[in-house]
Amino acid sequence: VLEGISEPPQEVAGEMAVPKDDPNRVRVDKIAEALGLECIGWIFTTLPLDDGLILSPTEVLRIARLQNEYSTDIHFTRYRLSKFVSCAVRPDASMNGLPSLFPYMVSEQVCAMVRDGILSENPDRTHCVVRDGQKGELISDFMVEGKANKRIATDFFIVRVNDTAPKKHQRMFTHAEFPQIGRAHV
């Protein structure tokens, strides 16, 4: 259950906003901890994607980095995993362009590929790209539709997260005046 959103300072780099150092981060973390809350993910706005993509290659790589960063072994199996959810807010064609929420995670496979530096930092517009191996380095072939390929469609890595709402939710916050970064108060 999402109880609140904290917006850190950010700047746009390429097609995505990149968080900057947040002078309020310690305060936000202390308040959340005192209330028994934890960071469950991040939310971003984006325009509709071309070519019928669900997430762009840049978004897939960013989500994989965040899931790796917020992974933990606090699980009964001691297996390292992430519960970090990414939520895209974009116009929905089925709702006449009104914004809709699209919550996602990416697969453990792409998280491992990003962690191990297997994917290129310069993906093409529609695919994640496996980088070429350097001298003395072996990078396995990836099978795509039965053939070795260095280009992998982003849809292959996406895990859709079902979003729901409780039938009855007692809101924790009824009023907040936490500063919005980079926006004039209206």
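Ile63 places none of its side-chain heavy atoms less than 4.5 Å from the side chain of Ile158. Proximity of Ser107 to Phe156: side-chain heavy atoms (C-beta onward) are nowhere separated by under 4.5 Å. Contact annotation: the side chain of Val159 never approaches that of Val106 to less than 4.5 Å [non-hydrogen atoms, C-beta and beyond].
For Asp116, the CG atom is densely surrounded, since the number of other residues' heavy atoms within 6.0 Å is greater than 12. More than 12 heavy atoms of other residues, nucleotides or ligands sit less than 6.0 Å from atom CG of Asp73.
Applying the salt bridge (Lys or Arg N to Asp or Glu O under 4.0 Å) criterion to Arg80, with sequence neighbours excluded, gives no partner residue. Applying the salt bridge (Lys or Arg N to Asp or Glu O under 4.0 Å) rule to Asp163 yields no partners; only residues at least two apart in sequence or on another chain are considered. Under the side-chain contact (heavy atoms from CB on, under 4.5 Å) criterion, Arg115 pairs with Asn68, Ala112, not counting sequence neighbours. Pro99 meets the side-chain contact (heavy atoms from CB on, under 4.5 Å) test with Val89; sequence neighbours excluded. In this view, Leu81 and His75, Tyr79, Lys83 satisfy the side-chain contact (heavy atoms from CB on, under 4.5 Å) rule, not counting sequence neighbours. In terms of the ring pair (Phe, Tyr, Trp, His ring centres under 6.0 Å) criterion, residue partners of Phe44 (sequence neighbours excluded) are, by chain and number, Trp42. Residues forming a salt bridge (Lys or Arg N to Asp or Glu O under 4.0 Å) with Asp132 (at least two apart in sequence, or on another chain): Lys150.
With hydrogens and angles disregarded, no donor-acceptor distance shorter than 3.5 Å links the side chain of Asn24 to the backbone of Arg27. With Arg160 contributing its side chain and Pro103 its backbone, the two residues share a donor-acceptor pair below 3.5 Å.
Using a 4.5 Å cut-off between side-chain heavy atoms of Ile, Leu, Val, Met, Phe, Trp and Tyr, with links allowed through other members, Leu66 and Met113 fall into the same hydrophobic cluster. Val60 and Val114 fall within the same hydrophobic cluster, defined by Ile, Leu, Val, Met, Phe, Trp and Tyr side-chain heavy atoms under 4.5 Å apart, directly or through other members. There is no path of hydrophobic side-chain contacts, each under 4.5 Å, that joins Leu37 to Val85. Note: the hydrophobic cluster containing Val110 does not contain Met105 (ILVMFWY, side chain heavy atoms under 4.5 Å, direct or indirect links). Follow the hydrophobic side-chain contacts under 4.5 Å out from Tyr104 and you reach Phe157 in the same cluster.
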Return a table of donor-acceptor pairs under 3.5 angstrom between the side chains of residues 133-147 and protein atoms on other chains or two or more places apart.
residue : atom : partner : partner atom : Å
Glu137  : OE1  : Arg131  : NH1          : 2.9
Glu137  : OE1  : Arg131  : NH2          : 3.3
Glu137  : OE1  : Gln134  : N            : 2.9
Glu137  : OE2  : Arg131  : NH2          : 2.7

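Residue Val26 belongs to no hydrophobic cluster, having no ILVMFWY side-chain heavy atom closer than 4.5 Å to its own. In the hydrophobic clustering, Ile74 connects to no other residue, as no ILVMFWY side-chain heavy atoms lie under 4.5 Å from its own.
Closest non-hydrogen pair, Asp155 versus Ile54, comes out as OD1-N, 3.7 Å. Pro9 and Pro23 get closest at one heavy-atom pair: CG-CD, 4.1 Å. Pro19 and Pro8 make their closest contact through CB-CG, 4.3 Å (heavy atoms, listed as atom of the first residue, atom of the second, distance). Here the shortest heavy-atom pairing between Leu55 and Thr154 reads O-OG1, 2.9 Å. Cys111 and Gln67 make their closest contact through SG-NE2, 3.5 Å (heavy atoms, listed as atom of the first residue, atom of the second, distance).
Here OG of Ser56 is found 11.0 Å from CZ of Arg62. Values are rounded to the nearest 0.5 Å. Atom CD of residue Glu121 and atom CG of residue Leu61 lie 6.0 Å apart, to the nearest 0.5 angstrom.
Pairs passing the side chain to side chain donor-acceptor pair (under 3.5 Å) check and including a residue from residues 28-38, sequence neighbours excluded, read Arg25-Asp29. The list of salt bridge (charged side-chain N to carboxylate O under 4.0 Å, His left out) pairs with a residue in residues 86-95, not counting sequence neighbours, reads Glu59-Arg90.
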